[in-house]
Peer 1: 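I'd like to ask some things about the structure below.
The sequence lines fix the lettering, A, B, ..., with proteins before strands; numbering per chain opens at 1.
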There are 2 protein chains.
Amino acid sequence: MSYSIKDVADMMGVTTSTLRYYDKEGLLPDVERKNGIRVFEDKDFKWSRVLNCLKNTNMPIKKIKEYVDLAQKGDSTLNERYQLIKEQKANILAQIEQLNYYLKEIEYKEWYYETAIERGTEKEVESVSSPKATLDIDQIPKK
Amino acid sequence: MSYSIKDVADMMGVTTSTLRYYDKEGLLPDVERKNGIRVFEDKDFKWSRVLNCLKNTNMPIKKIKEYVDLAQKGDSTLNERYQLIKEQKANILAQIEQLNYYLKEIEYKEWYYETAIERGTEKEVESVSSPKATLDIDQIPKK
DNA sequence: CCTTGACTTAAAGTTTACTTTAACTTATAT
DNA sequence: ATATAAGTTAAAGTAAACTTTAAGTCAAGG
């Protein structure tokens, strides 16, 4: 099975230009060419899915490149790659935690506006007893 | 109670330069000055916490500015602000969902490397029965 | 054969979100 | 009083991640 650059771009939800940019940055090693045109094989397609995963969990391109370079070196870098993946997992978990924290703040705001709209004004909505008590300043996750 | 720019910057986990930049972009309306120096009152501090929430849930500065401008107009924009907040809530939920999806992919990779390290090589790890079956391509969330 | 659409490159341009610099003023501590 | 720390501005600089442009090549349909 083989895929065009458009196939892969569609799978990743990016443009073909973006994919070519990734290639130029070294994120797509060893993609074959036929008459100068990129032909993605199954291994490249799978690799693109890994890239997509790292990219969509906010790993910077430079860091992804490090991972690519490690993978290129073969079995001797298995441990380094394992550490990198575990780091990224911790990263994702932290992101989810942070989003859940701010979700609560937004839900308070949602209630705030519902109450304000009911009353026709924002004035004194803050002093109305809210279903979720105002969040504690000390709990703001530090970046 | 009043706060210095540093106090607010520390609360938000940004530098004072960043806060001045936000101010210049109009995200901090009506902060008073004493001898040219910004003095944040309780209302400004609270507002900064809202900014921080929107910023850390990946709302672009331009969109935050729209929200600021609506808030400046008073009660007549309550509904618009409510819609914007609901939009952002949906946004956060989508982000969490996406992160949870990719977390599973990363956990597969984690298992993959644990197995490869045990065996000393990556070769044929893919064909080993994994605890979490390989994820289906069709399930990749589109951006 | 010819057009249309997809592919190619290198290089320049864009956007977002800061960050740094320089020159200066104000506040705090000894 | 004086040094140091923290505040101020406008403007230029930076970094990341694309995006666009220009000029071309290649493959398929009518």
Peer 1: Enumerate the residues from residues 19-26 of chain A whose closest heavy atom to DNA chain D is under 4.0 Å, giving them by residue number; use none for an empty result.
Peer 2: A/Tyr21, A/Tyr22

Peer 1: Minimum heavy-atom separation for B/Pro29 and B/Val68, please, with both atom names.
Peer 2: CG-CG1, 3.7 Å

Peer 1: Check side chain to side chain contact (heavy atoms under 4.5 Å, CB included) between B/Lys65 and all other residues, then give those that pass, not counting sequence neighbours.
Peer 2: B/Leu27, B/Asp69

Peer 1: Mind checking what makes side-chain hydrogen bond (donor to acceptor under 3.5 Å, both in side chains) contact with A/Asn79, not counting sequence neighbours?
Peer 2: A/Gln83

Peer 1: For B/Lys55 and C/dT16, give me the distance from atom NZ to atom P, rounded to whole Å.
Peer 2: 16 Å

Peer 1: Not counting sequence neighbours, which residues clear salt bridge (charged side-chain N to carboxylate O under 4.0 Å, His left out) with B/Lys109? List them please.
Peer 2: none

Peer 1: Would you say B/Ser4 reaches D/dG7's phosphate, i.e. side-chain N/O to OP1/OP2 under 4.0 Å?
Peer 2: yes

Peer 1: Applying a 4.0 Å non-hydrogen cut-off, can you work out what B/Thr18 is touching in the nucleic acid: base, sugar-phosphate, or nothing?
Peer 2: sugar-phosphate

Peer 1: May I ask whether A/Tyr22 and A/Val39 are part of the same hydrophobic cluster, defined by side-chain heavy atoms of I, L, V, M, F, W, Y residues being less than 4.5 angstrom apart, directly or through others?
Peer 2: no

Peer 1: Please report the closest heavy-atom contact between B/Asp23 and B/Leu28, naming both atoms and the distance.
Peer 2: OD1-O, 3.3 Å

Peer 1: Mind calculating the distance between CG (B/Leu28) and P (D/dT8) to the nearest angstrom?
Peer 2: 11 Å

Peer 1: Flag the pair A/Glu124 and A/Arg119 as a salt bridge only when some basic side-chain nitrogen lies within less than 4.0 angstrom of an acidic carboxylate oxygen.
Peer 2: no

Peer 1: Tell me whether A/Ile5 is reachable from A/Tyr21 by hopping between hydrophobic residues (I, L, V, M, F, W, Y) whose side-chain heavy atoms are closer than 4.5 Å.
Peer 2: yes

Peer 1: Mind running a 4.0 Å heavy-atom check of residues 32-43 of chain B against DNA chain C and sending the residues that fall below it, in number order?
Peer 2: B/Asn35, B/Ile37

Peer 1: Strictly below 4.0 Å: does A/Ser17 bring a side-chain N or O up to OP1 or OP2 of D/dT20?
Peer 2: no

Peer 1: State plainly whether the residues A/Glu126 and B/Lys46 are in salt-bridge range, i.e. N to O under 4.0 Å.
Peer 2: yes

Peer 1: For DNA chain C, find the residues of residues 58-65 of chain B with a heavy-atom distance under 4.0 Å and give them by number; none if there aren't any.
Peer 2: B/Pro60, B/Ile61, B/Lys62

Peer 1: Salt bridge (Lys or Arg N to Asp or Glu O under 4.0 Å) with B/Glu105: which of A/Lys55, A/Lys89, A/Arg49?
Peer 2: A/Arg49

Peer 1: Is a side-chain N or O of B/Asp44 found less than 3.5 angstrom from the main chain of B/Glu41, in a donor-acceptor match?
Peer 2: yes

